[in-house]
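What follows is a single structure, written as structure tokens, with notes after it.
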Amino acid sequence: MVKKAVIPAAGFGTRLLPATKSQPKEMIPVVDKPVIQYVVEEAVASGITDILMVIGKGKRSIEEYFDRSFDLEQRLEEKGRTQELEAIKQISQLADIHFVWQKELKGLGDAVYYARHHVGNEPFVVLLGDTIVESPNGPVSKQLINAYEKYGKGVVALQEVEKSVVSRYGVIDGTEVESNVYRANDFIEKPSVESAPSNLAIGGRYLFTADIFKYLKNLPTGVNNEIQLTDAMRLQTKANGFYGLKYKGMRYDVGNKMDYLKTNIILALEREDLKDEFRDWLKEFSKNL
Ligand code: G1P
């Protein structure tokens, strides 16, 4: 059973400036919830009960968000605002949430390495805190857990992207072993369009066995002078094998302005309490575009 998840949420939100000047990108709201809450909800829907968030300077509001707020609860109770009360109480009850501080921003690989003591010897899921993924086949983390239970190795979520944008991602060099499942031969972080072995990009969700920490330890810096998680995956692939799962569905990287706008619209249209009114308005509005 996979019970633990790690959510790296330490990086700068440069691409969403100025909104992220004094608040973490993971706390930017989509409809009415911060991005990171969608990420936590995906983990919980996948059976995760214990979450470690790796945070850094300027990220304290994430800690506060997942803590209880007795004053606010009391005020809402006095005012009889039961719906809001339930919504905010539920946030702190989603899972057992822990925090660790990354001391320097040295890259995603370094952030995940901070989880080693908390994770111990168990397999665990990594979900990037600024990325929402949705799939008609259920939570993507759960799909990775299922693949891990079948293959017994690390598994990463893959998404097909336009060849022209591969250099933004980590990319798999893999062999398809069953429909949408790839056995990795290698991974390359941010390859050039010419050198990319495929257009299957690492999509922000990972399932790792605990030996990933062995490969992260003393890992030299890679692309962009950062300690790259993808480089540790390469070493693990060579030593022990690794898989990729191409998932059906969407990936919203809210660090990207265009994606951010689209995500708000798509997710508002999925909300029972908003969708009818919002759809009617959107139809009217788009007539004049
Ligand atoms: C990170 C990973 C990359 C992955 C991407 C997905 O890159 O290093 O392998 O494809 O997330 O969003 P970053 O976006 O931090 O540059």
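Here the structure is a predicted model, which is why all the values come from computation and not from measurement. Quick note: residue numbers are just sequence positions, from 1. Note that ligands are numbered from 1 as they come in the structure, with each ligand's atoms numbered from 1 the same way.
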[atom]: which protein heavy atom is closest, and how many Å away?
atom                   : answer
atom 2 (C) of ligand 1 : E189 OE2, 3.6 Å
atom 4 (C) of ligand 1 : I202 O, 3.4 Å
atom 1 (C) of ligand 1 : L108 CD2, 4.1 Å

Problem - Proximal ligand 1 atoms for K190, defined as those under 4.0 Å from one of its heavy atoms - result: 7 (O), 13 (P), 16 (O)

Handout entry: Where ligand 1 meets L128 - atom numbers and elements under 4.0 angstrom, heavy-atom basis
Key = 11 (O)

Handout entry: N-O pairing of E284 and K287 below 4.0 Å
Key = yes

Handout entry: Salt-bridge present (K150, E178; N to O < 4.0 Å)
Key = yes

Exercise for the section: For ligand 1, find out whether one of its N or O atoms is nearer than 3.5 Å to an N or O atom of R251. Expected result: yes

Handout entry: Side-chain H-bond candidate by donor/acceptor type, Q143 with N137, under 3.5 Å
Key = no

Handout entry: Heavy atom of protein inside 4.0 Å of atom 10 (O) of ligand 1, strictly below
Key = yes

Problem - Nearest protein heavy atom under 4.0 Å from atom 13 (P) of ligand 1, yes or no - result: yes

Exercise for the section: Taking atom CD of E277 as the centre, report whether more than 12 heavy atoms of other residues, nucleotides or ligands fall under 6.0 Å from it. Expected result: no

Handout entry: Axial cation check for Y148 ring with K153, 6.0 Å and 45° limits
Key = no

Handout entry: Within-shell test, T230 vs ligand 1, heavy atom, strictly < 4.0 Å
Key = yes

Between side-chain atoms of residues 117-126 and protein atoms elsewhere (two or more places apart, or another chain), which donor-acceptor pairs fall under 3.5 Å?
| from | atom 1 | to | atom 2 | distance (Å) |
| --- | --- | --- | --- | --- |
| H118 | NE2 | D50 | OD1 | 2.7 |
| E122 | OE2 | K4 | NZ | 3.3 |

Problem - Sequence-distant partners of E84, salt bridge (charged side-chain N to carboxylate O under 4.0 Å, His left out), two or more places apart - result: R81

